[in-house]
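Since the structure comes first, as structure tokens, the remarks are kept for the end.
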Amino acid sequence: MEANRPPEIVWDEKAQRFETEDKEAFLQYQINDILILLAAPGEDGEQEKAKKLPAVAMDMVHTYVPRSKRGLGLAARLCDAAFAHAQRHSMLVVPTCSYISETYLPRNPAWNSLLYNGELHSSM
Ligand code: COA
């Protein structure tokens with residue numbers, strides 16, 4: 001039924017948010033230019049080299065769901081949309097929001113491959 005359909009998640013590019021159509025629940029992010037260290041194999045048995053490459057990180061700073069709608073997986077749906085967006089646009093993710101780092105990611109570990117943690121990223 002229409003009244004029971006799960007709320008649609010929409011992207012507001014200008015506000016840097018993923019949100020419900022009524023804008024009451026949202027995931028706020030910031031886009032940052034970063035440099036990542038990339039491990040590249042050395043030629044002819046040379047030692048592995050590291051080079052710096054520019055990249056873009058999506059810092060997911062805050063997730064909010066109104067009290068009356070909590071515990072129904074709405075925050076997880078906002079995160080699903082935001083992580084899929086980061087993947088589509090080849091961005092890394094900084095999980096600043098504690099809901100994302102402590103609850104969403106342990107339940108959705110496939111997204112760990114997108115995380116930027118300042119460590120060496122392999123080109124292999
Ligand atoms: N940090 C980590 N995990 C949290 C959390 C937080 N601050 N708040 C709630 N959770 C956990 C709950 O314990 C719950 O676990 P359970 O499934 O084992 O019961 C789970 O998140 C619920 O997941 P989900 O239904 O997807 O989340 P939600 O739609 O209820 O929304 C928040 C979760 C955090 C967005 C919501 O509680 C909220 O807006 N809180 C106030 C703002 C806030 O603290 N935001 C997070 C820091 S940026």
Side-chain angles (χ1 to χ4, degrees):
M1 263 170 49
E2 184 71 10
N4 290 333
R5 79 181 161 88
E8 202 144 311
I9 306 298
V10 293
W11 177 38
D12 184 338
E13 183 176 11
K14 207 168 163 198
Q16 300 200 319
R17 279 182 179 205
F18 285 86
E19 59 195 16
T20 46
E21 286 165 300
D22 61 11
K23 297 182 183 289
E24 283 188 358
F26 62 85
L27 183 156
Q28 183 81 49
Y29 66 87
Q30 291 169 2
I31 298 296
N32 296 321
D33 291 324
I34 54 167
L35 281 176
I36 56 170
L37 277 175
L38 196 68
E43 284 168 30
D44 297 330
E46 273 181 22
Q47 250 195 330
E48 199 176 66
K49 297 170 185 166
K51 52 184 176 181
K52 283 183 182 173
L53 283 184
V56 179
M58 189 176 178
D59 187 349
M60 299 187 185
V61 290
H62 189 54
T63 314
Y64 178 80
V65 170
R67 208 170 281 276
S68 62
K69 294 177 181 166
R70 289 182 192 166
L72 303 172
L74 194 47
R77 296 198 52 232
L78 290 162
C79 293
D80 291 344
F83 272 85
H85 177 88
Q87 185 178 52
R88 268 197 310 278
H89 291 83
S90 303
M91 290 188 282
L92 295 171
V93 170
V94 180
T96 298
C97 167
S98 62
Y99 164 78
I100 297 176
S101 59
E102 292 169 19
T103 298
Y104 180 75
L105 281 169
R107 293 175 185 182
N108 298 272
W111 290 126
N112 284 335
S113 61
L114 291 193
L115 296 187
Y116 172 64
N117 49 22
E119 288 176 4
L120 205 63
H121 285 252
S122 172
S123 61
M124 302 296 285

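In what follows, every heavy atom counts, from backbone to side chain, and hydrogens, waters and symmetry copies are set aside. As the structure lists them, so they are numbered: ligands from 1, and atoms in each ligand from 1.
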Query raised in the report: Nearest 0.5 Å, what's the CG-CZ distance between Leu78 and Phe18?
Result: 9.5 Å
Query raised in the report: What protein heavy atom is closest to atom 25 (O) of ligand 1, reported as residue, atom name and distance in Å?
Result: Gly73 N, 2.7 Å
**Report entry** Contact atoms of ligand 1, heavy-atom distance to Ala76 under 4.0 Å
**Finding:** 26 (O)
**Report entry** Protein heavy-atom partner closest to atom 31 (O) of ligand 1 - residue, atom, separation in Å
**Finding:** Ala75 CB, 3.2 Å
**Report entry** Which residue and heavy atom of the protein sit nearest atom 2 (C) of ligand 1, plus the separation
**Finding:** Thr103 OG1, 3.3 Å
Query - Per-atom contacts of ligand 1 with Leu74, taking only distances under 4.0 Å to non-hydrogen atoms - result: 29 (O)
Report summary line: Separation between CD (Glu21) and CD (Glu8), nearest 0.5 Å, reads 5.0 Å
Query raised in the report: Rounded to the nearest 0.5 Å, how far apart are CE of Met58 and CD of Gln87?
Result: 12.0 Å
Query raised in the report: With a cut-off of 4.0 Å, which atoms of ligand 1 are near a heavy atom of Leu72?
Result: 25 (O)
Query raised in the report: Could you walk me through whether Leu35 and Leu53 pass the side-chain contact (heavy atoms from CB on, under 4.5 Å) check?
Result: CA-CA 5 Å; Leu35 281 176; Leu53 283 184; over 6 Å; no
Report summary line: the protein heavy atom lying closest to atom 7 (N) of ligand 1 turns out to be Ser98 OG, 3.5 Å
Query raised in the report: Is there side-chain contact between Trp11 and Arg17, with at least one heavy-atom pair below 4.5 Å?
Result: no
Requested in this report: Determine, counting only non-hydrogen atoms of the protein, whether one lies under 4.0 angstrom from atom 39 (O) of ligand 1.
Outcome: yes
Report task. Specify whether the nearest protein heavy atom to atom 14 (C) of ligand 1 is under 4.0 angstrom away. Result -> no
Query raised in the report: Numbering the atoms of ligand 1 from 1, which are under 4.0 Å from a heavy atom of Gly71?
Result: 25 (O), 28 (P), 30 (O)
Query raised in the report: From atom 19 (O) of ligand 1, is the closest protein heavy-atom distance below 4.0 Å?
Result: no
Requested in this report: Do me a favour and list the nearest non-hydrogen protein atom to atom 37 (O) of ligand 1 with residue, atom name and distance?
Outcome: Arg70 CD, 3.2 Å
**Report entry** Hydrophobic cluster membership, Val61 vs Leu27, 4.5 Å side-chain cutoff
**Finding:** no
Query - Pairs satisfying salt bridge (charged side-chain N to carboxylate O under 4.0 Å, His left out), at least one member in residues 62-87, at least two apart - result: Asp22-Lys69, Glu24-Lys69
Report task. Do me a favour and list the nearest non-hydrogen protein atom to atom 43 (C) of ligand 1 with residue, atom name and distance? Result -> Thr63 O, 3.8 Å
Query raised in the report: Cys97 heavy atoms, cut-off 4.0 Å: which ligand 1 atoms fall inside?
Result: 46 (C), 47 (C), 48 (S)
Requested in this report: Would you list the pairs meeting salt bridge (charged side-chain N to carboxylate O under 4.0 Å, His left out) in which at least one residue belongs to residues 50-64, sequence neighbours left out?
Outcome: none
Report summary line: heavy-atom search around atom 9 (C) of ligand 1 in the protein gives Tyr99 CD1, 4.6 Å
Query - Heavy-atom gap Arg107 to ligand 1 smaller than 4.0 Å - result: yes
Query raised in the report: Within the structure, does at least one protein heavy atom fall under 4.0 Å of atom 4 (C) of ligand 1?
Result: yes
